[in-house]
Amino acid sequence: MTTVNKTHSLGNPVYPIMFAIGLCHLFNDTLQAVIPAMFPVLESERGLTFTQLGFIAFALNMVASVLQPVVGYFSDKKQKPYALPLGMTSSFVGMAGLAFAADYWMILVSVIFLGFGSAIFHPEGSRVSFMAAGSKRGLSQSIYQVGGNSGQALAPLISGFILVPFGQKGAAWFLIVAAVGIIVLTKISAWYKKQLEEERLSKKKKEIISSLPQMTKKQVGIALGLLMMVIFVRSFYVTNITSFYIFHLMDKYGLTIQKGQLIIFVFLAIGAVGTFFGGPMADKLGRKNIILLSVLVPMPLALILPYVPLWGVIVLLILIGFFIMLSFSVTVVYAQELVPSKIGTMAGLTVGLAFGMGAIGAVVIGIMMDHYGIFKTMVVISVLPIFALVAFALPTDRKWKLKS
């Protein structure tokens, strides 16, 4: 198998759909953000251990991880436009269960419903973003991904200002978010279905453009493996910051949950900014170059993070957050251009892997914290970004501006 490089016009972007699917990504990931945001509440109210909290994150992320490539694979064969609102309906059910779950097993079942909804949403949402992109593929993917990362960034605020004051039942407020998401996704699905009908009637399948050189099947496989390693490192590290770093802030610096979560919010909010700029920068400077930038800058900063005073923590988290998330949307587009005939599968694989690595990371980190302590765990995790240096071996893409 080889990838084919085309240089003809891509068509005009459909900005209303680009922004609408980005908004729904925000809704979807806000619902998921409730889970790590609830960790301090579940630890105090339910007396759960770090390991149990890790398995809650594992249940959520692993379901999303395993099913995303599967959903993407089948949607590549036969698109299902109305799968999008159905996925959000599953998340609605999961959130309702989470708000009122009385037992640990009920919490696990609820997060599985949330994971299932996310598994449906992400590959199909990425496909809609791709369809609406026209000549602005990097920009469109950035708008889509920044919506999701903005939703994840809300986790600390959700924890500090909703779940801590209202407890577990405060999660019920997010049923409103899910309901609005179902309505908006139903509208998007109607547009999605119309595009498929127009393509079918024209009897002309749209060609996919790749900025990567022609490669054999083996070369594509190696490149995907290297890309997966980069995603693994990023996801593992970000999971540590978003789900467990709050305990380090409380333990070493004596911060309250609310103050600690505000610092993590800054990390995630700046990360969302980095996600937005990453796509357009990659369109102009090359996808590999942005991936390398996202690897090289955070690496030394992560190594010294466990040892700096509180003001240094804030500065370093701002820099790490921006640069480590700079490649989030870029890795999705890079994978889609590696295998341009499998847009949904590649979106599901890359984003799904991010969830899966986050799931494994949550369990590993939770066990390490229970057995070796919080500070030693943070030191071990600080070394992890070094492994992302495999990005240097990725194939270099062409730095070209696609015609509008």
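The residues of the chain are indexed from 1 along the displayed sequence.
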Do you know which two heavy atoms are closest between [X] and [Y], and how far apart they sit?
X      : Y      : value
Leu384 : Val233 : O-CG1, 3.5 Å
Ile17  : Ala132 : CG2-CB, 3.9 Å
Ile264 : Ile241 : CD1-O, 3.7 Å
Gly181 : Cys24  : O-SG, 4.3 Å
Ala101 : Met106 : CB-CB, 3.7 Å
Ala391 : Ile291 : CB-CG2, 4.0 Å

State the [atom1]-[atom2] distance between [X] and [Y], to the nearest 0.5 angstrom.
X      : Y      : atom1 : atom2 : answer
Ile246 : Asp251 : CD1   : CG    : 11.5 Å
Thr89  : Ile182 : OG1   : CD1   : 3.5 Å
Ile381 : Met369 : CD1   : CE    : 10.0 Å
Ile188 : Ile183 : CD1   : CD1   : 12.5 Å
Ile290 : Phe323 : CD1   : CZ    : 9.5 Å
Phe121 : Ser90  : CZ    : OG    : 13.5 Å

Tell me whether [X] contacts the main-chain N or O of [Y] through its side chain, where contact means a donor paired with an acceptor under 3.5 Å.
X      : Y      : answer
Gln32  : Leu114 : no
Ser235 : Phe232 : no
Lys252 : Pro306 : yes
Ser126 : Pro123 : no
Lys259 : Leu249 : no
Lys169 : Phe100 : no
Thr377 : Ile365 : no

Can you find a pair of side-chain heavy atoms, one from [X] and one from [Y], that are under 4.5 Å apart?
X      : Y      : answer
Pro13  : Met18  : yes
Trp191 : Val14  : yes
Val390 : Leu227 : no
Leu26  : Val177 : no
Ser189 : Pro85  : yes
Val146 : His25  : no
Phe277 : Phe322 : yes
Val380 : Tyr372 : no

What verdict does the side-chain contact (heavy atoms from CB on, under 4.5 Å) test give for Leu53 and Thr49, after you've listed the backbone C-alpha separation in whole Å, the side-chain angles of each residue and the deciding distance to 0.1 Å? CA-CA 6 Å; Leu53 295 177; Thr49 66; over 6 Å; no
What residues, two or more places apart in sequence or in another chain, satisfy side chain to side chain donor-acceptor pair (under 3.5 Å) together with Ser294?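 Only Ser327 meet the side chain to side chain donor-acceptor pair (under 3.5 Å) criterion with Ser294.
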Which residues share a side chain to side chain donor-acceptor pair (under 3.5 Å) with Thr242, sequence neighbours left out: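 Testing Thr242 for side chain to side chain donor-acceptor pair (under 3.5 Å), a comparison that skips the adjacent residues, returns none.
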Does atom [atom1] ([X]) have a neighbourhood of more than 12 heavy atoms from anything else shown, all under 6.0 Å?
X      : atom1 : answer
Phe247 : CZ    : yes
Tyr104 : OH    : yes
Tyr192 : OH    : yes

Do the rings of [X] and [Y] sit parallel, tilted or perpendicular, given the 30° and 60° boundaries?
X      : Y      : answer
Tyr245 : His248 : tilted
Tyr307 : Phe375 : perpendicular
Phe244 : Phe50  : perpendicular

Hey, which of Leu293, Thr275, Val295 is the one that makes side-chain contact (heavy atoms from CB on, under 4.5 Å) with Leu326?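 The single option meeting the side-chain contact (heavy atoms from CB on, under 4.5 Å) with Leu326 is Leu293.
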May I ask you to say whether Arg127 pairs ionically with Glu124, meaning some side-chain N is under 4.0 Å from a carboxylate O?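 Salt bridge flag = yes for Glu124 with Arg127.
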Using the side-chain contact (heavy atoms from CB on, under 4.5 Å) rule, take Phe58 and Val111 through it: C-alpha gap first, then chi angles, then the decisive distance, then the call. CA-CA 9 Å; Phe58 179 84; Val111 299; over 6 Å; no
Tell me, please, which residues at least two apart from Phe27 pass ring-ring contact (aromatic ring centres under 6.0 Å, His included).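 Applying ring-ring contact (aromatic ring centres under 6.0 Å, His included) to Phe27 gives none.
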Determine whether Leu98 and Ile35 satisfy the following criterion, side-chain contact (heavy atoms from CB on, under 4.5 Å), listing intermediate values before the conclusion. CA-CA 9 Å; Leu98 182 65; Ile35 307 304; 3.3 Å; yes
Pair Phe92-Leu31, side-chain contact (heavy atoms from CB on, under 4.5 Å): steps then yes or no: CA-CA 9 Å; Phe92 182 96; Leu31 298 177; over 6 Å; no
All side chain to side chain contact (heavy atoms under 4.5 Å, CB included) counterparts of Leu301, not counting sequence neighbours: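 Side chain to side chain contact (heavy atoms under 4.5 Å, CB included) list for Leu301, sorted by chain: Val297, Leu316, Leu319, Ile320.
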Does anything in residues 97-118 pair up under salt bridge (charged side-chain N to carboxylate O under 4.0 Å, His left out), and if so which pairs, sequence neighbours excluded?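 For residues 97-118: none.
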Per the salt bridge (charged side-chain N to carboxylate O under 4.0 Å, His left out) rule, what does the pair list look like for residues 176-192, sequence neighbours excluded?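 Checked against salt bridge (charged side-chain N to carboxylate O under 4.0 Å, His left out) - neighbours excluded - no pair reaches residues 176-192.
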